[in-house]
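Sharing a structure here in structure tokens format.
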Amino acid sequence: MAATTARRVRIAATASAVLLGGSLLGASSAEATVAADPHKPFGVVTAKSGLNVRQYPSTDSSVKYVLPYHAKRGLDCKVRAQVIDGNPYWYKLRNSQYWVSARYVHNVGHVKLCKDRYPSPLTDTSKAQKAMG
């Protein structure tokens, strides 16, 4: 049973690598841009088995693709959501609508909260600011 599960995991990992091959080839120039622009925050994947990129900041959300170990990606903002191994933050990837758990990302640079990066008209008025203190 364990051998069958291990075999299925290897097959899934191989299939993911093949499917991601094209996007990873194009990512090298994006990674160079991230490294060349220190003003924008970026993250480095610390999970040795890779990091699931999800549609929403939750493990209940569908996996869109997997980032390999040590991959660098730009980070747009962060939210508090599902706690993963003691870490409540999730990062929204730059130039994407997808999310990764901050538990498995070493961030370089300051990552703003999404509510601060994209203020809502409901919270960005003087009346709302007074109410929040």
Side-chain angles (χ1 to χ4, degrees):
M1 183 77 168
T4 304
T5 302
R7 183 172 181 266
R8 286 181 182 163
V9 169
R10 283 193 307 273
I11 290 170
T14 303
S16 294
V18 169
L19 291 173
L20 287 173
S23 63
L24 291 177
L25 291 175
S28 61
S29 62
E31 288 178 13
T33 303
V34 168
D37 191 357
H39 299 293
K40 293 184 178 180
F42 67 93
V44 180
V45 175
T46 60
K48 294 196 187 279
S49 60
L51 178 60
N52 290 333
V53 177
R54 298 185 178 271
Q55 186 169 3
Y56 302 106
S58 168
T59 56
D60 291 335
S61 178
S62 61
V63 175
K64 293 304 182 179
Y65 56 94
V66 178
L67 289 173
Y69 179 60
H70 276 168
K72 293 180 184 177
R73 292 295 181 270
L75 304 175
D76 187 28
C77 60
K78 64 184 175 183
V79 296
R80 289 181 65 100
Q82 181 183 12
V83 177
I84 305 296
D85 199 20
N87 191 324
Y89 290 102
W90 287 71
Y91 294 129
K92 181 177 171 295
L93 297 176
R94 192 179 322 138
N95 301 324
S96 171
Q97 294 301 312
Y98 300 137
W99 298 83
V100 293
S101 170
R103 168 62 181 90
Y104 302 105
V105 176
H106 171 75
N107 67 304
V108 177
H110 176 68
V111 182
K112 289 185 175 185
L113 290 169
C114 292
K115 71 178 187 74
D116 295 334
R117 179 123 165 75
Y118 301 103
S120 163
L122 298 174
T123 59
D124 204 26
T125 64
S126 61
K127 185 176 179 180
Q129 293 295 324
K130 286 180 186 176
M132 290 188 283

- Intermediate values then yes/no, side chain to side chain contact (heavy atoms under 4.5 Å, CB included), Leu67 and Tyr104: CA-CA 11 Å; Leu67 289 173; Tyr104 302 105; over 6 Å; no

- Message: Looking at Trp90 and Gln82, would you say the former's side chain and the latter's main chain have a donor-acceptor pair under 3.5 Å?
- Response: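 Checked: pair present.
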
- Message: Quick check for you: to the nearest 0.5 Å, what is the distance between Arg94 atom CZ and Leu75 atom CG?
- Response: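 Rounded to the nearest 0.5 Å, the CZ-CG separation comes out at 7.0 Å.
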
- Item | Distance-minimising heavy-atom pair for Lys48 and Tyr69 |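 Closest heavy-atom pair between Lys48 and Tyr69: NZ-OH, 3.2 Å.
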
- Item | Criterion side chain to side chain contact (heavy atoms under 4.5 Å, CB included) against Val100, the qualifying member of Asn52, Leu51, Val45 |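 Per the side chain to side chain contact (heavy atoms under 4.5 Å, CB included) rule, the option paired with Val100 is Leu51, out of Asn52, Leu51, Val45.
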
- Heavy-atom pair with the smallest gap, counting every atom of Val44 and Lys72: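 Minimum heavy-atom contact is CG2-CG, 3.9 Å.
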
- Message: Side chains of Asn107 and Pro41, heavy atoms from C-beta outward: is any pair under 4.5 Å?
- Response: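 No, their side chains stay 4.5 Å or more apart.
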
- Do other residues, nucleotides or ligands put more than 12 heavy atoms under 6.0 Å from Asn95 CG?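 At most 12 heavy atoms, drawn from other residues, nucleotides or ligands, come within 6.0 Å of this atom.
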
- Query: Under a 4.5 Å cut-off applied to non-hydrogen side-chain atoms, are Thr59 and Arg54 in contact?
  - Reply: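 Yes, side chains in contact.
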
- Task: Mind listing the closest non-hydrogen atom pair of Ala81 and Pro57 along with its distance?
- Result: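 Closest pair (atom of Ala81, atom of Pro57, distance): CB-O, 3.4 Å.
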
- Query: So, do Lys78 and Leu113 sit near enough that their side-chain heavy atoms are less than 4.5 Å apart?
  - Reply: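 Heavy-atom side-chain distance check passes, below 4.5 Å.
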
- With Arg80 as the cation and Tyr89 as the aromatic partner, state whether NZ or CZ is under 6.0 Å from the six-membered ring centre and within 45° of the axis.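 Checked: cation-pi criterion met.
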
- Item | Distance, nearest 0.5 Å, that separates CD of Gln97 from OH of Tyr56 |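 Answer for the CD-OH pair, Gln97 versus Tyr56, is 9.5 Å.
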
- Message: Among Tyr91, Tyr118, Trp99, which residue satisfies the side chain to side chain donor-acceptor pair (under 3.5 Å) criterion with Asp76?
- Response: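 Result: among Tyr91, Tyr118, Trp99, Tyr118 is the only option passing the side chain to side chain donor-acceptor pair (under 3.5 Å) with Asp76.
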
